[in-house]
K.L.:
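I am attaching a structure below and will ask some questions about it afterwards.
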Amino acid sequence: MKKTTIEWCDSTWNPVTGCFHGCEYCYAERIADRFGGSIETCPDGTLHELEEKFYADPSTWVAKQGESLFRAYPWGFDPTFHKYRLHEPQRWKEPRKIFVCSMADLFGAWVPDEWIEEVFEACEMAAWHTYLFITKNPARYLQLFHDGKIPARHNMWYGTTITNPDSPYVFSSLGVFNLFLSVEPILEDMGIWSKSVDEISIKWVIVGAETGNRKGRVIPKKEWIDNLAIQCDYFRIPIFMKDSLIPIVGEENMRREFPIGLL
Ligand code: SF4
């Protein structure tokens with residue numbers, strides 16, 4: 001587990017890394033490529049291959065001429081289960097807000113249930129922390145809920161990344177969970193929300209702009225952020241604006257709000 005520059009959490013923890021969503025703006029893939037291993041990857045790994053192959057096991061890394069062959073991302077950005085990291089939160093004695101799997105989509109359709117369950121068990125072993133998950137595949141929350149495999153605890157927060165008004169997000173049947181939206185990077189005006197159970201069950205909204213110098217980077221308009229803030233106010237949802245929005249809305253208009261439970 002390590003300290004992070006992500007403004008809304010204290011630490012990141014990556015027992016699983018890698019993702020197949022292929023977002024153009026993905027910063028995690030760039031990092032994984034930079035610190036990846038030389039091990040041949042398997043981009044279209046089946047579930048069987050994932051179970052058999054995509055484990056990162058330090059015991060297999062050997063020193064060569066005094067140089068460690070440790071690779072933070074031995075399979076590059078392919079989904080990888082770093083079992084040896086499962087106990088890291090237990091070593092962190094002070095309560096922390098932990099962003100789980102900042103380098104992955106833990107709830108991607110390709111991730112075996114067993115990996116997710118082991119991560120939840122590790123969270124349970126260090127229950128003094130608060131855990132925040134984010135996915136682009138919220139249907140997986142629903143599947144795990146129906147299978148009785150996702151814990152609804154006060155210290156577990158389940159987020160969905162949306163980037164435009166058509167992105168799928170939360171489901172009313174998950175209303176007992178702490179749900180939030182990560183509108184990042186915001187790529188369009190999010191439009192007007194209808195007053196549905198889905199929206200009022202959201203307890204927090206994070207919003208940020210794309211960073212970096214990617215060709216085609218979308219620079220949000222101030223009115224997109226204003227519209228989102230107005231709707232959050234209407235539904236009494238705290239909104240956290242990331243520093244990437246300072247040049248767009250101005251420091252004086254920045255709102256860095258947290259819901260009760262994450263204060
Ligand atoms: S969902 Fe997240 S981790 Fe996966 S490709 Fe998109 S930005 Fe990267």
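The figures that follow rest on heavy atoms only: side chains count, while hydrogens, waters and symmetry mates do not. When a ligand or atom number is given, it counts from 1 through the structure's own listing order. These figures come from a predicted structure and were not determined experimentally.
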K.L.:
Return yes if some donor-acceptor pair links the side-chain N/O of Ser182 with the main-chain N/O of Thr161 below 3.5 Å, else return no.
P.N.:
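Such a contact is absent between Ser182 side chain and Thr161 backbone.
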K.L.:
For Pro151, give me all partners under side chain to side chain contact (heavy atoms under 4.5 Å, CB included), at least two apart in sequence or on another chain.
P.N.:
Phe120, Arg153, Met156, Tyr158
K.L.:
Relative to the heavy atoms of Gly22, which atoms of ligand 1 are at a distance of less than 4.0 Å?
P.N.:
5 (S)
K.L.:
Do any non-hydrogen protein atoms sit less than 4.0 Å from atom 3 (S) of ligand 1?
P.N.:
yes
K.L.:
Considering only the protein, which heavy-atom contact is closest to atom 6 (Fe) of ligand 1, and what is its distance?
P.N.:
Cys23 SG, 2.3 Å
K.L.:
Judged by non-hydrogen atoms, does Lys136 sit under 4.0 Å from ligand 1?
P.N.:
yes
K.L.:
Below 2.8 Å, any N, O or S contact between Cys19 and atom 4 (Fe) of ligand 1?
P.N.:
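It does; at least one qualifying atom falls short of 2.8 Å.
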K.L.:
Aromatic ring centroids of Phe258 and Trp8 under 6.0 Å?
P.N.:
no
K.L.:
Decide, counting backbone as well as side-chain atoms, whether His21 has an N, O or S atom less than 2.8 Å from atom 6 (Fe) of ligand 1.
P.N.:
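Checking His21: none of its N, O or S atoms is under 2.8 Å.
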K.L.:
Is the Trp115-His82 ring centre distance short of 6.0 angstrom?
P.N.:
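Centroid separation for Trp115 and His82: 6.0 Å or greater.
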K.L.:
With His21 as reference, evaluate Thr135, Asn137, Asp105 under the side chain to side chain donor-acceptor pair (under 3.5 Å) test and give the passing residue.
P.N.:
Asp105
K.L.:
Between Phe133 and Phe99, does the ring centre distance come in under 6.0 Å?
P.N.:
no
K.L.:
Identify the protein heavy atom lying closest to atom 8 (Fe) of ligand 1, giving its residue, its atom name and the separation to 0.1 Å.
P.N.:
Cys26 SG, 2.3 Å
